[in-house]
Amino acid sequence: MKINIVFPRKLLEVYNDACKPLCKKLKLPQTAFDILMFLGNNLQYQTARDIVKVRNIKANLVSINVDKLVKEGYLKREAIEGDRRKTKLVCTIKAQPVIREGQQLQQEFVDHLFDNITQKEKEIFIKVMKTMDKNLDDILKGGN
């Protein structure tokens, strides 16, 4: 079975295009918006290192954009108790409406991706993705 290698690039391109009007309205670069949404959607991740590792954004871009988000009042830095080398990034009250609007945009994007797909097909797709995610975890742990 051959998988279209262009699909992930096309997905990202269409998503970024969908985000452009909101990023322009907020005067935020796409990377800053992505960082804010990542932190807002994934409360278990709280550090710049998490963003670099999980979102695969280069450290220098994370640093520049986190500084911008802090300066503009969307994020604040807090010390992590017990490890003064680490800093927690916390979304501020100012960030909350932006995150909600971004989540609405993301939901509309996902809904549009599932146009012309039945509910049963969507359920199968999600089940397959969960199984593949588990398989990837097993492989990373040294399994099959």
Query raised in the report: Crowded around Leu12 CG? As in, over 12 foreign heavy atoms under 6.0 Å?
Result: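 Yes - once you tally the heavy atoms of other residues, nucleotides and ligands closer than 6.0 Å, there are more than 12.
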
**Report entry** Atom CG of Asp115: over 12 foreign heavy atoms under 6.0 Å
**Finding:** yes

In the single-linkage hydrophobic clustering (I, L, V, M, F, W, Y; side-chain heavy atoms under 4.5 Å), do [X] and [Y] co-cluster?
X     : Y     : answer
Val54 : Ile80 : no
Val14 : Leu22 : yes
Val90 : Leu43 : no

Query raised in the report: Any side-chain heavy-atom pair from Cys19 and Met37 closer than 4.5 angstrom?
Result: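 Heavy-atom side-chain distance check fails, nothing below 4.5 Å.
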
**Report entry** Residue pairs involving residues 50-102 (criterion ring-ring contact (aromatic ring centres under 6.0 Å, His included); sequence neighbours excluded)
**Finding:** none

For a quick test of your reading: what N or O donor-acceptor pairs under 3.5 Å do the side chains of residues 93-101 make, sequence neighbours left out?
residue : atom : partner : partner atom : Å
Lys94   : NZ   : Glu72   : O            : 2.6
Gln96   : NE2  : Thr92   : O            : 3.1
Glu101  : OE1  : Lys25   : NZ           : 3.1
Glu101  : OE2  : Lys25   : NZ           : 2.8

Excluding sequence neighbours, so at least two apart, what forms side-chain hydrogen bond (donor to acceptor under 3.5 Å, both in side chains) with [X]?
X      : result
Thr118 : Glu121
Asp133 : none
Lys122 : none
Asn4   : none

So which heavy atom on [X] is nearest to which on [Y], and how close?
X     : Y      : value
Asp50 : Gln44  : OD2-O, 4.5 Å
Gly40 : Gln103 : O-NE2, 4.1 Å
Cys91 : Leu36  : SG-CD1, 4.1 Å

Query raised in the report: Which other residues belong to the hydrophobic cluster containing Phe125, where Ile, Leu, Val, Met, Phe, Trp and Tyr are joined when side-chain heavy atoms lie under 4.5 Å apart, directly or via other members?
Result: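 Under the 4.5 Å side-chain rule, Phe125 groups with Val110, Phe114, Ile117, Ile126, Met129.
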
Query - Other ILVMFWY residues reachable from Val128 by side-chain steps of under 4.5 Å - result: Ile124, Met132

Query raised in the report: Taking only residues two or more places apart in sequence, or in another chain, which ones meet Lys134 in a salt bridge (Lys or Arg N to Asp or Glu O under 4.0 Å)?
Result: Asp138

Query raised in the report: Angle class for the Tyr45/Phe38 ring planes (parallel below 30°, perpendicular above 60°, tilted otherwise)?
Result: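 Judged by the thresholds at 30° and 60°, the geometry between Tyr45 and Phe38 is parallel.
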
**Report entry** Set of residues satisfying side chain to side chain contact (heavy atoms under 4.5 Å, CB included) with respect to Asp111, sequence neighbours excluded
**Finding:** Gln107

Report task. Keeping to residues at least two apart or across chains, list the salt bridge (Lys or Arg N to Asp or Glu O under 4.0 Å) pairs with something in residues 6-20. Result ->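 Non-adjacent pairs meeting salt bridge (Lys or Arg N to Asp or Glu O under 4.0 Å): Arg9-Glu13, Asp17-Lys20.
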
Query raised in the report: Could Arg77 and Asp67 be called an ion pair, given the rule that one side-chain N must be under 4.0 Å from one carboxylate O?
Result: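 Yes, Arg77 and Asp67 are salt-bridged.
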
Atom pairs and distances, side-chain donor-acceptor, residues 55-63, under 3.5 Å, sequence neighbours left out:
residue : atom : partner : partner atom : Å
Arg55   : NH2  : Asp34   : OD2          : 3.4

Query - Interatomic distance, Leu69 atom CG to Leu39 atom CG [nearest 0.5 angstrom] - result: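 With rounding to 0.5 Å, CG (Leu69) is 8.5 Å from CG (Leu39).
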
